[in-house]
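First the structure, in the form of structure tokens, and then the observations on it.
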Amino acid sequence: MTTESTSPIRPYGDTTGDGMVQLSFTLPMPHSKVADGSAVQLANKMGMDPALVVHSKPMGPDFTFFVVYGRVNHLVDPSQVTVVERDYPLLTPKEVNAAVKRSLRRRLTVVGACIGTDAHTVGIDAILNIKGFAGEKGLEYYRELKVVNLGAQVSVPELVERARSEKADAVLVSQVVTQRDAHLLNTREMSAAFRESYPSDKRPLLIVGGPRFDEKMAGELGVDRVFGRGTTPGEVASFIAHRLAAGRAA
């Protein structure tokens with residue numbers, strides 16, 4: 001994890017350092033002038049002053065969606081921000097295949113799924129399917145990787161059982177549904193199940209990803225890596241090759 005050292009800054013809207021920001025949210029009340037006023041009141045309490053409702057739209061009869069534009073006085077200090085930087089080389093598919101073949105002398109098996117009630121396979125498919133994401137081919141494209149995509153709404157016991165039967169080297173889990181921190185609860189359940197089912201030196205690499213994961217939470221969640229939004233297949237393949245084909249060196 002690294003931090004970036006620079007001087008404090010303000011948000012930018014119309015002119016540099018004017019502190020203008022845009023905020024969107026929903027209130028549980030019908031669309032009306034009172035609702036607009038309530039949105040401004042909330043924005044004021046959050047430190048936006050002045051605040052202006054630039055868009056409001058009914059979301060059914062009892063909810064209203066707002067976009068509010070206004071000024072904040074807060075400063076941002078990037079030197080206090082900690083992030084997870086990529087600590088492994090970004091490899092081409094050819095280099096990943098060569099690393100796996102050289103180190104394992106067999107194909108590397110990856111099992112992927114959306115667990116719990118999550119039915120959103122866009123994330124896992126973007127990483128696994130050959131068509132890939134962001135101009136990169138998915139893991140199915142890699143000659144030395146055997147990919148087993150279990151799809152959506154896979155239970156944790158089913159995932160563990162399939163990982164064992166496939167002799168998985170790595171398990172990829174995508175979580176998009178995050179209401180009431182379901183993604184965190186499901187991940188903790190999954191990592192605990194794998195710890196109970198495998199000796200520590202035999203457990204497959206556990207990787208989770210989704211738009212609302214905090215990449216710094218890998219240790220807390222009991223997994224080897226957390227990937228956030230915008231992750232490409234090449235990043236995942238390179239990480240797997242780095243950790244497994246190199247003897248799972250941390």
Side-chain angles (χ1 to χ4, degrees), residues 1 82-88 107-129 132-133 138-140 145-233 235-245 247-250:
M1 298 182 185
T82 301
V83 298
V84 178
E85 296 283 7
R86 178 167 51 81
D87 55 359
Y88 54 91
R107 296 181 76 196
L108 188 154
T109 301
V110 178
V111 173
C114 298
I115 59 175
T117 58
D118 198 334
H120 298 76
T121 63
V122 173
I124 197 71
D125 288 343
I127 300 300
L128 297 183
N129 285 2
F133 168 72
L139 270 57
E140 290 179 345
L145 301 186
K146 174 188 175 184
V147 175
V148 181
N149 189 345
L150 303 182
Q153 298 182 319
V154 178
S155 70
V156 168
E158 182 183 354
L159 177 62
V160 173
E161 180 181 354
R162 190 64 181 272
R164 293 183 69 90
S165 66
E166 296 287 349
K167 295 181 172 59
D169 297 291
V171 172
L172 273 60
V173 167
S174 172
Q175 290 281 263
V176 176
V177 174
T178 59
Q179 288 90 342
R180 299 181 181 179
D181 288 337
H183 61 308
L184 303 180
L185 298 174
N186 290 339
T187 300
R188 291 191 177 100
E189 179 187 353
M190 182 266 295
S191 62
F194 274 94
R195 285 197 301 272
E196 293 174 1
S197 301
Y198 284 84
S200 59
D201 61 338
K202 300 295 184 182
R203 176 180 61 79
L205 199 65
L206 300 180
I207 301 170
V208 298
R212 296 194 181 180
F213 276 109
D214 183 342
E215 293 181 333
K216 300 188 294 294
M217 292 184 67
E220 179 183 338
L221 295 174
V223 299
D224 296 283
R225 188 79 177 196
V226 173
F227 284 107
R229 58 185 175 83
T231 299
T232 64
E235 290 178 287
V236 177
S238 297
F239 175 73
I240 294 173
H242 171 71
R243 290 292 300 272
L244 287 176
R248 296 187 69 175

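These numbers come from the heavy atoms of this one structure, side chains and all, not from hydrogens, waters or symmetry mates.
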So, [X] side chain and [Y] main chain: donor-acceptor pair closer than 3.5 Å or not?
X: Thr187; Y: Leu184; value: no
X: Arg243; Y: Arg225; value: no
X: Gln153; Y: Thr117; value: yes
X: Ser191; Y: Leu221; value: yes
X: Tyr198; Y: Ala193; value: no
X: Ser238; Y: Glu235; value: no
X: Glu220; Y: Met217; value: no
X: Gln175; Y: Gly210; value: no
X: Asp224; Y: Ile207; value: no

Could you tell me which non-hydrogen atom of [X] sits nearest to which non-hydrogen atom of [Y], and how far apart they are?
X: Arg107; Y: Lys146; result: NH2-CA, 3.6 Å
X: Ala168; Y: Val111; result: CB-CG2, 3.7 Å
X: Gly138; Y: Pro233; result: CA-CB, 3.9 Å
X: Pro204; Y: Val171; result: CG-CG2, 4.0 Å
X: Glu215; Y: Gly228; result: OE2-N, 3.1 Å

Full working for side chain to side chain contact (heavy atoms under 4.5 Å, CB included) between Val83 and Glu85: CA-CA 6 Å; Val83 298; Glu85 296 283 7; 3.8 Å; yes

Pairwise side-chain contact, His120 with Val122, heavy-atom cut-off 4.5 Å (strictly under):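 His120 vs Val122: side chains apart.
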
Contact check, side chains of Lys167 and Thr109, non-hydrogen atoms, under 4.5 Å: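 Lys167 vs Thr109: side chains apart.
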
Trace of the side chain to side chain contact (heavy atoms under 4.5 Å, CB included) decision for Met190 with Val208: CA-CA 10 Å; Met190 182 266 295; Val208 298; 3.6 Å; yes

Once you round to the nearest 0.5 Å, how far does [atom1] of [X] lie from [atom2] of [Y]?
X: Glu189; Y: Leu159; atom1: CD; atom2: CG; value: 10.5 Å
X: Phe213; Y: Ser174; atom1: CZ; atom2: OG; value: 8.0 Å
X: Leu139; Y: Asn129; atom1: CG; atom2: CG; value: 10.0 Å
X: Leu150; Y: Ile115; atom1: CG; atom2: CD1; value: 11.5 Å
X: Leu244; Y: Asp169; atom1: CG; atom2: CG; value: 5.5 Å
X: Phe133; Y: Leu128; atom1: CZ; atom2: CG; value: 13.5 Å

Heavy-atom neighbours of Arg229 CZ exceed 12 at 6.0 Å: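 For Arg229, atom CZ is not crowded (no more than 12 foreign heavy atoms under 6.0 Å).
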
Step-by-step side chain to side chain contact (heavy atoms under 4.5 Å, CB included) determination, Val226 to Val84: CA-CA 9 Å; Val226 173; Val84 178; over 6 Å; no

Residue pair Ile240, Leu172: steps toward the side chain to side chain contact (heavy atoms under 4.5 Å, CB included) verdict: CA-CA 10 Å; Ile240 294 173; Leu172 273 60; 4.0 Å; yes

